[in-house]
Engineer: 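Right, I'll just put the structure down here and ask away after.
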Amino acid sequence: MNFLNEIAHRFPDAISLAAGRPFEGFFDPADVPRYFDIYRRYLTDRLDGDDAAVRRTLLQYGRTKGIIHELIAEHLRVDEGITAAPDALVVTVGCQEALWLTLRALRRDERDVLLAVTPSYVGVHGAAMMVDMPVLPVREAADGIDLDDLVAVVRRARAAGRNPRACYVIPDFANPSGVRLDRAKRERLLGIAAAEDLLLLEDNPYGLFGDPAGPPTLKALDRHGQVVYLGSFAKTGLPGARVGYVLADQEVTGAPAGQPLLADQLAKLKSMLTVNTSPIAQAVIGGKLLAHGHSLRAANARETETYRGNLAQVLAGLEKRFTDLPSVSWNVPEGGFFLLLTVPFTAGDDLLAHCAAVHRVLWTPIHHFYADATPRNVLRLSFSHLLPAEIEDGLDRLAEFIRAQSAGN
């Protein structure tokens, strides 16, 4: 992320097909005090008009697990069909903290390893590195994950004396591929997790932008406590609030009395890391949930239409510009923020810098999602934050770059 930010700063006139950010056209600073006030009024009612308690809840150090946990539980019921006990939720400083806390809690000794579909979100590699938990790659398939390889990786790891603790997956519009697992594959994945005694860490920042009739989340299908659900309000709420959460309702063997859940262990770790998540930021997100009947799917109707339109425009634009170049191909996601573009040359950081300087367009080299320094011939394109005219201009510049590289110039 630092590298991409540096490139963007050096070339401010470059159009970014790299940044996986929400569309800013609907941001309104006035929403912040409005949502805060909605939550304040709700809290006042809940506390029977006790103004001192309201001030303390909103402005003082707060509950480590968070103050909007009950609203999040209702949101999960309404939007995802997930039954969540509020006490099994920990409200975090973005989803990245939720991921770190979970890995830190799972990591017991040097034998522990994490599995992750590869290529995978950059942040999971960073979080695993910070807790000293090696990441074993599981092959990606055209439909999301190679389940045979997942089983093989688990069994090879155990045969080598390692302890696979969990597998990290983004079932809905994965970063970087944009792929969405169908229901049958989700059911098979859950079955394998149960058979192999493996937790699944389900990260779902993009799912609410998909078809409501699409497949349920893994957590909604979970019948055996195999899924730890990682959530974020960065895409659906407000990225500047930096509020995420983790639903960790698994019971922990040998846990202290009154703290039976994995969520309780995460809260202990959080109390030594960030103490608590900003109650002010939580209040803003809580107010947005209240304003929209706890449904962020409903609250993001405009955004969903924008992202779907942008995806359709990018896919049509690639077809228009590269139909005569069979060496250039791309996948076709059903939604989300990203897709992958395969090109006939190796595309690393140096080439991105050249592209930014000469062609004034940015993209993300795929090797960052493998957590190594080996350039590959795949680019991640993001389209979520762009206007239609920017998409057309960006694709023109990208086509110019790819044709020049393909010709050896």
Side-chain angles (χ1 to χ4, degrees), residues 22-24 26-47 53-55 57-59 62-98 172 202-210 212 216-217 219-220 229-249 263 266-267 270 276-307:
F23 179 63
E24 297 176 6
F26 302 129
F27 285 1
D28 185 350
D31 283 341
V32 174
R34 181 168 70 88
Y35 288 143
F36 181 89
D37 197 52
I38 289 172
Y39 182 77
R40 182 188 60 77
R41 293 197 303 269
Y42 162 83
L43 188 61
T44 299
D45 288 342
R46 294 229 23 209
L47 297 176
V54 170
R55 288 196 303 273
T57 302
L58 292 174
L59 303 178
R63 179 178 180 270
T64 301
K65 281 188 175 182
I67 63 172
I68 61 169
H69 51 303
E70 292 178 343
L71 298 182
I72 294 173
E74 183 63 9
H75 153 61
L76 290 173
R77 185 192 68 79
V78 169
D79 274 339
E80 303 285 14
I82 294 173
T83 300
D87 279 346
L89 286 156
V90 180
V91 187
T92 56
V93 182
C95 189
Q96 191 65 24
E97 187 191 26
D172 290 287
E202 180 180 17
D203 194 355
N204 188 24
Y206 313 105
L208 290 182
F209 301 118
T217 62
K219 190 61 180 175
Y229 191 77
L230 304 166
S232 171
F233 298 110
K235 308 300 189 294
T236 56
L238 186 68
R242 300 302 304 134
V243 176
Y245 63 92
V246 54
L247 171 57
D249 52 7
L266 303 186
K270 180 176 173 60
N276 67 298
T277 301
S278 164
I280 295 173
Q282 290 186 67
V284 173
I285 297 300
K288 184 166 187 175
L289 288 170
L290 290 165
H292 297 277
H294 302 90
S295 175
L296 291 181
R297 192 183 296 278
N300 283 273
R302 299 173 305 174
E303 287 82 353
T304 299
E305 183 178 358
T306 295
Y307 300 143

Engineer: Testing I67, V284, I280 for side-chain contact (heavy atoms from CB on, under 4.5 Å) with Y39, which one passes?
Structural biologist: I67

Engineer: List the residues meeting salt bridge (Lys or Arg N to Asp or Glu O under 4.0 Å) with R55, not counting sequence neighbours, and say none if there are none.
Structural biologist: none

Engineer: From the options T217, N204, D249, select the one residue that forms a side chain to side chain donor-acceptor pair (under 3.5 Å) with Y229.
Structural biologist: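 Among T217, N204, D249, the one that satisfies the side chain to side chain donor-acceptor pair (under 3.5 Å) with Y229 is N204.
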
Engineer: With rounding to the nearest 0.5 angstrom, report the OH to CG distance, Y42 to L289.
Structural biologist: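 Separation between the atoms: 10.0 Å.
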
Engineer: Would you indicate whether the side-chain heavy atoms of D203 and C95 approach each other to under 4.5 Å?
Structural biologist: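 Contact flag for C95/D203 side chains = yes.
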
Engineer: Would you mind reporting whether L290 and Y35 have side-chain heavy atoms less than 4.5 Å apart?
Structural biologist: no

Engineer: Using the rule given for salt bridge (charged side-chain N to carboxylate O under 4.0 Å, His left out), can you reason through R77 versus E74, listing the C-alpha separation, both sets of side-chain angles and the distance that settles it, and then say yes or no?
Structural biologist: CA-CA 5 Å; R77 185 192 68 79; E74 183 63 9; 2.5 Å; yes

Engineer: Can you find a pair of side-chain heavy atoms, one from F26 and one from E303, that are under 4.5 Å apart?
Structural biologist: yes

Engineer: Are side-chain N/O atoms of D79 and S295 paired as donor and acceptor at under 3.5 Å?
Structural biologist: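 Yes, because at least one side-chain N or O of D79 sits under 3.5 Å from a partner of the opposite role on S295.
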
Engineer: Looking at A73 and P86, what are the two nearest heavy atoms and their distance?
Structural biologist: CB-CG, 4.1 Å

Engineer: Please state whether the rings of H75 and F233 are parallel, tilted or perpendicular, taking 30° and 60° as the class boundaries.
Structural biologist: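 Geometry flag for F233 against H75: tilted rings.
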
Engineer: Are a donor atom and an acceptor atom from the side chains of T236 and K288 found within less than 3.5 Å of each other?
Structural biologist: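 T236 vs K288: no donor-acceptor pair found between side chains.
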
Engineer: So do K270 and V90 actually touch side chain to side chain, heavy atoms under 4.5 Å?
Structural biologist: yes

Engineer: Report yes if the side chains of P239 and F27 come closer than 4.5 Å at any heavy-atom pair, otherwise no.
Structural biologist: yes

Engineer: For L238, which of D31, V32, V243 qualifies under side-chain contact (heavy atoms from CB on, under 4.5 Å)?
Structural biologist: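 Of D31, V32, V243, side-chain contact (heavy atoms from CB on, under 4.5 Å) with L238 is met by V32 alone.
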
Engineer: Quick one: does T304's side chain get under 4.5 Å of T306's, heavy atoms only?
Structural biologist: no

Engineer: Walk me through it: do R63 and H69 pass the test side chain to side chain contact (heavy atoms under 4.5 Å, CB included)?
Structural biologist: CA-CA 10 Å; R63 179 178 180 270; H69 51 303; 3.4 Å; yes

Engineer: Which heavy atom in T57 sits nearest to a heavy atom in P279, and how many Å separate them?
Structural biologist: O-CB, 3.4 Å

Engineer: Take D45 and R41 through the salt bridge (charged side-chain N to carboxylate O under 4.0 Å, His left out) test and state the conclusion after the steps.
Structural biologist: CA-CA 6 Å; D45 288 342; R41 293 197 303 269; over 6 Å; no

Engineer: So, for R297 and G210, which heavy atoms are closest and what is the spacing to 0.1 Å?
Structural biologist: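 Shortest heavy-atom contact: NH1-O, 3.2 Å.
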
Engineer: With the side chain counted from C-beta on, respond yes when E80 and P216 share a heavy-atom pair under 4.5 Å apart, and no when they do not.
Structural biologist: no

Engineer: State, yes or no, whether a side-chain contact exists between Y245 and L76 at a heavy-atom distance under 4.5 Å.
Structural biologist: yes

